[in-house]
Amino acid sequence: MSLQIEQITKLEKNKACSREEYIECLFASIAKRYDIANTILSLNLHKSWRKFTLRQTKLANGDTAVDICTGTGDLAIEIARAVGTGKVIAVDFCRPMLDLCVRKLDRLGIKNISLIQGNAENLPLPSNVYKAATIGFGIRNVSNVERAFSEMARVVAPGGSVVCLEFSRPKGKLFARMYNFYSHRILPLIGGLLSGSREAYEYLNLSIDSFLSREELSDIMKKVGLQDIEVFDLTGGIVAVHVGVKK
């Protein structure tokens, strides 16, 4: 067990709950300030990352898609605009996040998203239906990554795509050192001030440091039956987009 995983485990034990319960409580605690914190801490780059992710789905007007671990719905909203007359199912297990998403959809007048409270590892959705399944900044938070990808592959129709946007480890020694200083020293401080929960943003760094490599994530996608795996590094490798196709 790595130091980072040990630290995460200690955080969970301090809350006397399971990993899933801990993650749900963590995100519930920062839900109200989640969007503004994302914008400030990513220097507004999260919007361009999601737009790039959307392009990899190759969705068009009239298509259907599912967005897993949707949070407050930012990626689902991008997808909903792309599919037009089509339909998006947005799934998350954290009720406070979904409540904020409802208010956001009402404010924006978006009608083609249906919200479901559910678990990424056991999706309450039919098989072989959707043109694409996406997950943005959520795969490292699930208990069983292979199970979550298997579920995404299951609900996608043959020829459809599974697209994963997630934080990664930056490439280049100098840039990596600069980013690590920001993410470990500056980000938790600012995130804590914005959200009221420094612990949530300390967890963010620990979860990234202990997460799977690009290659390991690709191997899992292949294992669940996805093919033609592509990996795109964005912003020097701060984030990576994995794309797989269901044959």
Side-chain angles (χ1 to χ4, degrees), residues 8 12 18-35 37-38 41-42 46-47 49-54 56-57 59 64-80 88-102 104-105 113-125 130 132-156 160-168 195 200-201 203-208 210-212 217 220-221 224 226 239-244:
I8 290 173
E12 294 165 3
S18 69
R19 175 180 174 83
E20 183 176 309
E21 290 170 333
Y22 174 76
I23 300 299
E24 184 176 4
C25 291
L26 202 67
F27 279 97
S29 72
I30 62 173
K32 290 182 180 179
R33 304 290 291 172
Y34 183 77
D35 285 345
N38 274 353
L41 294 172
S42 73
H46 69 106
K47 295 179 182 178
W49 296 337
R50 288 189 176 90
K51 289 182 184 298
F52 181 89
T53 301
L54 170 64
Q56 307 320 305
T57 66
L59 289 165
T64 58
V66 57
D67 183 46
I68 311 303
C69 300
T70 197
T72 61
D74 282 343
L75 182 53
I77 289 169
E78 293 283 350
I79 296 169
V88 180
I89 307 298
V91 182
D92 201 286
F93 74 162
C94 183
R95 189 71 207 186
M97 286 288 193
L98 290 176
D99 290 340
L100 288 171
C101 185
V102 169
K104 187 185 293 185
L105 298 180
I113 296 180
S114 294
L115 300 177
I116 296 177
Q117 186 173 8
N119 194 305
E121 298 173 39
N122 187 24
L123 295 175
L125 299 171
Y130 304 95
T134 61
I135 185 167
F137 304 117
I139 195 66
R140 75 183 186 285
N141 295 319
V142 303
S143 298
N144 189 321
V145 173
E146 182 179 333
R147 178 63 182 167
F149 272 126
S150 178
E151 279 291 272
M152 293 173 73
R154 176 183 66 79
V155 301
V156 167
S161 60
V162 171
V163 185
C164 173
L165 167 66
E166 188 52 87
F167 287 110
S168 192
S195 69
Y201 289 91
Y203 165 82
L204 171 66
N205 289 322
L206 293 173
S207 66
I208 295 170
S210 62
F211 192 54
L212 302 167
L217 212 57
I220 289 175
M221 294 177 76
V224 303
L226 297 170
V239 299
V241 178
H242 284 67
V243 184

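Please read these numbers as outputs of a predicted model, since none were measured by experiment.
The distance from atom CG of L115 to atom CG of L105, rounded to the nearest 0.5 Å, is 5.5 Å. Considering CG of N144 and CD1 of I220, their distance stands at 8.5 Å, rounded to 0.5 Å. Taken to the nearest 0.5 Å, the CD atom of E121 stands 12.5 Å off from the CE atom of M152. With rounding to the nearest 0.5 angstrom, the CZ atom of R33 is 12.0 Å from the CG atom of N38. Separating the CG atom in L26 from the OH atom in Y203 is a distance of 7.5 Å, to the nearest 0.5 Å.
Applying the salt bridge (charged side-chain N to carboxylate O under 4.0 Å, His left out) rule to E78 yields the partners K51; only residues at least two apart in sequence or on another chain are considered. Partners of K47 by salt bridge (charged side-chain N to carboxylate O under 4.0 Å, His left out), not counting sequence neighbours: none found. Under the ring-ring contact (aromatic ring centres under 6.0 Å, His included) criterion, F211 pairs with no residue, sequence neighbours left out. Taking Y34 as the reference, nothing meets the ring-ring contact (aromatic ring centres under 6.0 Å, His included) condition, with sequence neighbours excluded. Here E166 pairs with R140 under the salt bridge (charged side-chain N to carboxylate O under 4.0 Å, His left out) rule; sequence neighbours left out. Under the salt bridge (charged side-chain N to carboxylate O under 4.0 Å, His left out) criterion, E146 pairs with K223, sequence neighbours left out.
The closest side-chain heavy-atom distance from V142 to I23 is not below 4.5 Å. A 4.5 Å side-chain heavy-atom check between R50 and F137 finds at least one atom pair inside the cut-off. The shortest side-chain heavy-atom distance between V163 and H242 does not fall under the 4.5 Å cut-off. Contact of the V88 side chain with the V66 side chain is not registered, since no non-hydrogen atoms from C-beta on lie closer than 4.5 Å. For the pair F27/N141, a side-chain contact is recorded, criterion being any heavy-atom separation below 4.5 Å from C-beta on. Residues F167 and W49 have side chains in contact (heavy-atom distance under 4.5 Å, counting atoms from C-beta outward). Counting heavy atoms from C-beta outward, C69 and I135 have side chains that approach closer than 4.5 Å. Residues Y201 and S195 form a side-chain contact, since some pair of their non-hydrogen atoms from C-beta on lies under 4.5 Å apart.
The minimum heavy-atom distance linking S161 with T57 is given by the pair OG-O, 3.6 Å. The shortest heavy-atom contact between E151 and L123 is OE1-N, 2.7 Å. Here the shortest heavy-atom pairing between V91 and G118 reads CG1-O, 3.7 Å. Taking all atoms of both residues into account, the shortest heavy-atom contact from L226 to A153 is CD2-CB, 4.0 Å. When every heavy atom of L125 is checked against every heavy atom of I116, the shortest pair comes out as CD2-CD1, 3.8 Å. Between L217 and C164, the shortest heavy-atom distance links the atoms CD2-SG, 4.3 Å.
Of the possible donor and acceptor atoms, one in the side chain of D92 sits under 3.5 Å from a partner among the backbone N and O of G71. Counting only distance, with no hydrogens or angles, the side chain of K104 and the backbone of T72 share a donor-acceptor pair below 3.5 Å. Q56 places no side-chain N or O within donor-acceptor distance of the main-chain N or O of V243, the cut-off being under 3.5 Å.
Applying the side-chain contact (heavy atoms from CB on, under 4.5 Å) test between Y130 and each of V162, V155, L59 identifies V155 as the sole match.
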Open item on the list: Could you walk me through whether D67 and T134 satisfy the side chain to side chain donor-acceptor pair (under 3.5 Å) test, starting with their C-alpha distance in whole Å, then the side-chain angles of each, then the deciding distance to 0.1 Å, before giving a yes or no?
Closed with: CA-CA 5 Å; D67 183 46; T134 61; 2.6 Å; yes
- [ ] Test I77 against I113 for side chain to side chain contact (heavy atoms under 4.5 Å, CB included), laying out the working first.
- [x] CA-CA 8 Å; I77 289 169; I113 296 180; 4.1 Å; yes
Open item on the list: Please determine whether side chain to side chain contact (heavy atoms under 4.5 Å, CB included) holds for the pair F149 and I139, giving the CA-CA distance in whole Å, both sets of side-chain angles, and the decisive distance to 0.1 Å.
Closed with: CA-CA 9 Å; F149 272 126; I139 195 66; 3.9 Å; yes
Open item on the list: Assess the residue pair D74 and D35 against the criterion (side chain to side chain contact (heavy atoms under 4.5 Å, CB included)); give the C-alpha distance rounded to whole Å, side-chain angles, the decisive distance to 0.1 Å, and a yes or no.
Closed with: CA-CA 9 Å; D74 282 343; D35 285 345; 3.8 Å; yes
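In K32, the NZ atom is not crowded: 12 or fewer heavy atoms of neighbouring residues, nucleotides or ligands sit closer than 6.0 Å.
One side chain, E20 or N119, offers a donor N or O that lies under 3.5 Å from an acceptor on the other.
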